[in-house]
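Notes to accompany the following structure.
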Amino acid sequence: MSPIEIPQTHGRPSYDSEKEIWRTLCAYCEAIDDADFDRVAGLWKHGRWPFADGPGSEPMRRWLEDRVILYDGKPRTKHQMTNVVIDVDDEAGTAYFTSYSSIWQALPGSSPQLIIYTRLNGTFERVDGRWWWKTLELIPDLVGDTSRHVRG
């Protein structure tokens, strides 16, 4: 059986760049689940979080601090990304990605529950030799009770 080919639609592939972007996506999941909002926001130094009131790290960190509900200092969530496809154009210093994302939450006294399942589309940009998150679009597919995860 031969593997399924996924066409590279932008530029030439770069596996080193893909790996760096993949690690950034994983770092986002880990940091937000740890409520390390400075670390999460730092990933957006050159981009714009879709819910923030402006570009850069500071508006995103403020949004997280204002909206994410913590329980003993943690959101009690697990963010997971699957079906990740990263499309890099190393010459242009741009990359595009798509993935599925699920957020699970387990509050004291309850079992883990899927609170949202969404598709993510986003871009990265290379600045000074490093890949930075630029944009993100969230397209919710399945939405459960998010009222104990984010305010308003």
Side-chain angles (χ1 to χ4, degrees), residues 1-70 73-106 112-144 146 149-150:
M1 178 177 278
S2 61
I4 297 171
E5 285 199 30
I6 299 173
Q8 177 80 16
T9 58
H10 300 95
R12 295 187 318 211
S14 167
Y15 298 108
D16 289 338
S17 292
E18 286 180 24
K19 181 179 175 184
E20 185 178 337
I21 292 166
W22 174 246
R23 292 175 64 87
T24 301
L25 294 171
C26 293
Y28 164 81
C29 293
E30 179 181 351
I32 202 159
D33 291 335
D34 285 342
D36 187 345
F37 296 157
D38 287 334
R39 186 171 165 217
V40 176
L43 301 172
W44 291 87
K45 180 178 177 179
H46 297 282
R48 184 178 182 133
W49 173 249
F51 306 112
D53 60 4
S57 299
E58 196 57 32
M60 189 215 189
R61 188 175 54 71
R62 277 195 313 271
W63 187 92
L64 292 168
E65 289 173 350
D66 291 346
R67 299 280 192 324
V68 176
I69 301 168
L70 301 179
K74 304 283 182 183
R76 301 195 49 91
T77 57
K78 290 298 176 195
H79 287 65
Q80 297 175 316
M81 288 190 195
T82 60
N83 300 55
V84 178
V85 176
I86 301 168
D87 202 2
V88 176
D89 185 340
D90 254 336
E91 291 173 9
T94 58
Y96 306 85
F97 84 95
T98 64
S99 74
Y100 297 151
S101 176
S102 55
I103 303 174
W104 293 82
Q105 186 175 44
Q113 296 181 33
L114 179 65
I115 59 172
I116 191 165
Y117 190 83
T118 186
R119 180 162 183 100
L120 304 177
N121 297 314
T123 61
F124 280 81
E125 177 180 50
R126 190 174 47 230
V127 178
D128 297 327
R130 179 175 170 196
W131 288 99
W132 295 93
W133 216 317
K134 186 73 176 167
T135 65
L136 179 65
E137 175 188 31
L138 292 90
I139 305 165
D141 290 323
L142 305 171
V143 180
T146 61
H149 177 46
V150 292

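- Going from atom OH of Y100 over to atom OG1 of T82 covers 7.5 Å, rounded to the nearest 0.5 Å.
- By the 6.0 Å contact criterion, CZ on R119 is enclosed, its count of non-hydrogen atoms from other residues, nucleotides or ligands being greater than 12.
- Here the closest non-hydrogen pair linking L136 and F97 is CD1-CZ, 3.9 Å.
- Annotation: the span from L120 atom CG to T98 atom OG1 amounts to 9.0 Å, rounded to 0.5 Å.
- Between E30 atom CD and R23 atom CZ the span is 10.0 Å, to the nearest 0.5 Å.
- Side-chain N or O atoms of E137 include none that pairs as donor or acceptor with a backbone N or O of G122 at under 3.5 Å.
- With respect to the salt-bridge test (charged N to carboxylate O, under 4.0 angstrom), the residues R76 and D33 do not qualify.
- Without hydrogens or angle criteria, E20 side chain to W131 main chain gives a donor-acceptor distance under 3.5 Å.
- For the residue pair W104 / Q113, no side-chain donor-acceptor distance below 3.5 Å is found, with atom types taken as modelled.
- In this structure, OG in S101 is found 10.0 Å from CG in L25, a value given to the nearest 0.5 Å.
- In plain terms, the two heavy atoms of S57 and G42 that are nearest each other are OG-CA, 3.7 Å.
- In this structure, P140 and I116 approach most closely via the heavy-atom pair CB-CD1, 4.3 Å.
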*Go through E18 and D16 one step at a time and tell me if the side chain to side chain contact (heavy atoms under 4.5 Å, CB included) criterion holds.*
CA-CA 5 Å; E18 286 180 24; D16 289 338; over 6 Å; no
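- Within the 4.5 Å cutoff, side-chain heavy atoms of H149 are placed close to those of V68.
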_Show, in sequence, the C-alpha distance, side-chain angles and deciding distance for D38 and R61, and conclude whether the side chain to side chain contact (heavy atoms under 4.5 Å, CB included) test is met._
CA-CA 6 Å; D38 287 334; R61 188 175 54 71; 2.7 Å; yes
*asked:* V40 vs Y28, test: side chain to side chain contact (heavy atoms under 4.5 Å, CB included). Steps then yes/no.
replied: CA-CA 6 Å; V40 176; Y28 164 81; 3.9 Å; yes
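- The residues D34 and R39 are annotated as not salt-bridged, no charged nitrogen and carboxylate oxygen being separated by less than 4.0 angstrom.
- The side-chain heavy atoms of L70 and F37, taken from C-beta on, include a pair separated by under 4.5 Å.
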*When you look at L138 and F51, which way does the side chain to side chain contact (heavy atoms under 4.5 Å, CB included) test go after all the steps?*
CA-CA 10 Å; L138 292 90; F51 306 112; 4.0 Å; yes
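- Using a 4.5 Å heavy-atom threshold, the side chains of W133 and H46 count as separate.
- Between T146 and I115, the shortest heavy-atom distance links the atoms CG2-O, 3.4 Å.
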_I'd like to know whether S102 forms a side-chain hydrogen bond (donor to acceptor under 3.5 Å, both in side chains) with Q80, so could you lay out the CA-CA distance, the side-chain angles of the two residues, the decisive distance to 0.1 Å, and finally the verdict._
CA-CA 5 Å; S102 55; Q80 297 175 316; 3.3 Å; yes
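- Taking the centre and axis of the six-membered ring of W132, the NZ or CZ atom of R130 falls inside the cone set by 45° and 6.0 Å.
- How far CH2 of W44 is from CE of M60: 6.0 Å, rounded to the nearest 0.5 Å.
- The two residues D90 and S17 come nearest to each other via the heavy atoms OD1-OG, 2.8 Å.
- Looking at T118, its side chain does come within 3.5 Å of a backbone N or O of I139 through a donor-acceptor pair.
- The two residues A35 and G73 come nearest to each other via the heavy atoms CB-O, 3.3 Å.
- Note: T77 OG1 to I103 CD1 = 7.0 Å, rounded to the nearest 0.5 Å.
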